Amino acid sequence: ERGRCGVTNSSAPASMYMDLSGPPVYRSTTTAPVNIAVVKYWGKRDPKLNLATNPSLSVTLSQDDLRTLTTASCSAKFPKEDSLTLNGEPSDISGARTQACLRELRALRAKLEEADSSLPKLSELPLRIVTENNFPTAAGLASSAAGFAALVRAIADLYRLPNNPTELSVIARQGSGSACRSLFGGYVAWRDGTQEDGLDSKAVEVAPASHWPEMRALILVASAAKKGVSSTSGMQQTVATSGLFKQRVAEVVPKHMATIEEAIAKKDFASFAEVTMRDSNSFHATCADTYPPIFYMNDTSRAAVRAVEQINEKAGKTIAAYTFDAGPNAVIYFLEESAAAIVGTFYKVLSATEGWKDEAKSLSSEIELEETIA
Ligand code: ADP
Ligand code: DP6
Ligand code: CO
């Protein structure tokens, strides 16, 4: 998958329909994009409220490529229990984190209903949520980010709540930490805040996508399989057992946040890229330092690291940056001007690498496209 970065979510207006008999069905559909962190969130200071041990920063990808599509509906004719269907399968909705999102959204709707008695009492109706990711779920491509951002926005639209992405980010954060950043396009920071109640732990836009429109992301899928250790559980194990993690939080992340925000402001790709790669390495080092160790990257991932090094060496400057989330799949950031060089080299290197051969095949059509443009 290859694409532009940073278009914000779009929503269809909430709708209502009635069949010839029975109560109405209220419904709203929305999409939310994936965001891939360049300074990673890894560690909770409060697992219940999903508050982070450190701030993080990400780039939101265009939802023309990777996205979650979610429809939320409510009706008195639905079964009494709320339900969630994920990628066509019934999914557990009883988890504390999903419940926290539903509870907060319902409370906001109930306030509107209290203030205006002419409003239908949607807060009292069972919810039906149907959601679908057009990319691998739980494979280290931020499905929980797009998933919870879409869930919160779809219900907020259904309930006609004010559309304030920062406020919605506080709710989405409770579903999955990384989800707070998917409510914005472009370059987004999650400021972890200091309050115990988490009300200041929210996402803010550092720069819109239009600030640096040449930014591109190449997503290389080494494996679409569900990861062995979920992000939630992996980071808890790291916090509990890794000494290196303490240094990451105290020294590495603050430096990376400051440098990358400056790099984004100045559109300094080499600096942006160095922090991105160093932060990914630092995060995976804390995973290896977890006891017992967690390995998200594999030999195939490491071949992509080497390919980026080759690309940068050949160019004589840093024109590509790799980053890996909690999974083996690579995300490569680069600028449009370097597209031909990067896609071409990846094609050559990956065709010769066992785990990447299928990805190389799908890149070949894009190389033709690049050559046509050139
Ligand atoms: P990832 O790297 O894909 O974010 P995580 O381990 O963080 O993996 O989270 C995966 C979990 O996120 C899934 O098991 C599921 O519970 C939840 N999730 C993924 N997609 C959606 C979605 N569209 N709607 C609601 N929840 C989702
Ligand atoms: C490596 O947001 O998926 O992708 O809050 O427990 O749902 P929970 O974790 P999640 O963790 C994301 C970890 C990461 C880095 C990042 O996105 O910042
Ligand atoms: Co996740």
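Values in this document were obtained by computation on a predicted structure and should not be read as measured data. One-based numbering, in listed order, for ligands and for the atoms of each.
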For ligand 1, run through the N/O pairs with the protein that fall under 3.5 Å and put one pair on each line.
residue  : atom   : partner : partner atom : Å
ligand 1 : 2 (O)  : G140    : N            : 3.1
ligand 1 : 2 (O)  : K227    : NZ           : 2.6
ligand 1 : 3 (O)  : A138    : N            : 3.1
ligand 1 : 3 (O)  : S143    : N            : 3.0
ligand 1 : 3 (O)  : S143    : OG           : 2.6
ligand 1 : 4 (O)  : S143    : N            : 3.2
ligand 1 : 4 (O)  : S144    : N            : 3.0
ligand 1 : 4 (O)  : S144    : OG           : 3.0
ligand 1 : 6 (O)  : S231    : N            : 3.4
ligand 1 : 7 (O)  : S144    : OG           : 3.1
ligand 1 : 7 (O)  : S231    : OG           : 3.3
ligand 1 : 8 (O)  : K227    : NZ           : 3.1
ligand 1 : 20 (N) : N133    : ND2          : 3.0
ligand 1 : 20 (N) : S143    : O            : 3.4
ligand 1 : 23 (N) : T131    : OG1          : 2.9
ligand 1 : 23 (N) : N133    : OD1          : 3.0

| Side chain to side chain, T238 and W42, heavy atoms closer than 4.5 Å | yes

- request: Could you check R248 against D279 for salt bridge (Lys or Arg N to Asp or Glu O under 4.0 Å), going step by step and ending with a plain yes or no?
  value: CA-CA 9 Å; R248 169 170 167 79; D279 198 80; 3.0 Å; yes

salt_bridge(E261, R191) N-O dist < 4.0 Å | yes

* Asked: Quick one: are V204 and F184 in side-chain contact, heavy atoms under 4.5 Å?
  -> no

### Task
State, without any angle test, whether T232 and Q236 hold a side-chain donor-acceptor pair at a distance under 3.5 Å.
no

Practice item. Run the salt-bridge test on K255 and E251 with the 4.0 Å N-O cut-off and return the result as yes or no. Key: no

Quiz item: Short question: side chain of R106, backbone of L125 - any donor-acceptor pair under 3.5 Å?
Solution: yes

Contact set, ligand 2, heavy-atom distance under 4.0 Å, ordered by chain/number, equals A37, K40, Y41, W42, K44, N50, R97, S144, S176, G177, S178, R181, S231, T232, M235, F283, D325, A326

| said: For the residue pair S201 / W190, report whether a side-chain donor-acceptor contact shorter than 3.5 Å exists. | reply: yes

Under a 3.5 Å cutoff, is there a donor and acceptor pairing between the side chains of S58 and R181?
yes

Regarding S144, does it place an N, O or S atom less than 2.8 Å from the Co ion (ligand 3)? yes

Assess whether a salt bridge exists between E114 and K111, defined as any Lys/Arg side-chain N lying under 4.0 Å from an Asp/Glu carboxylate O.
no

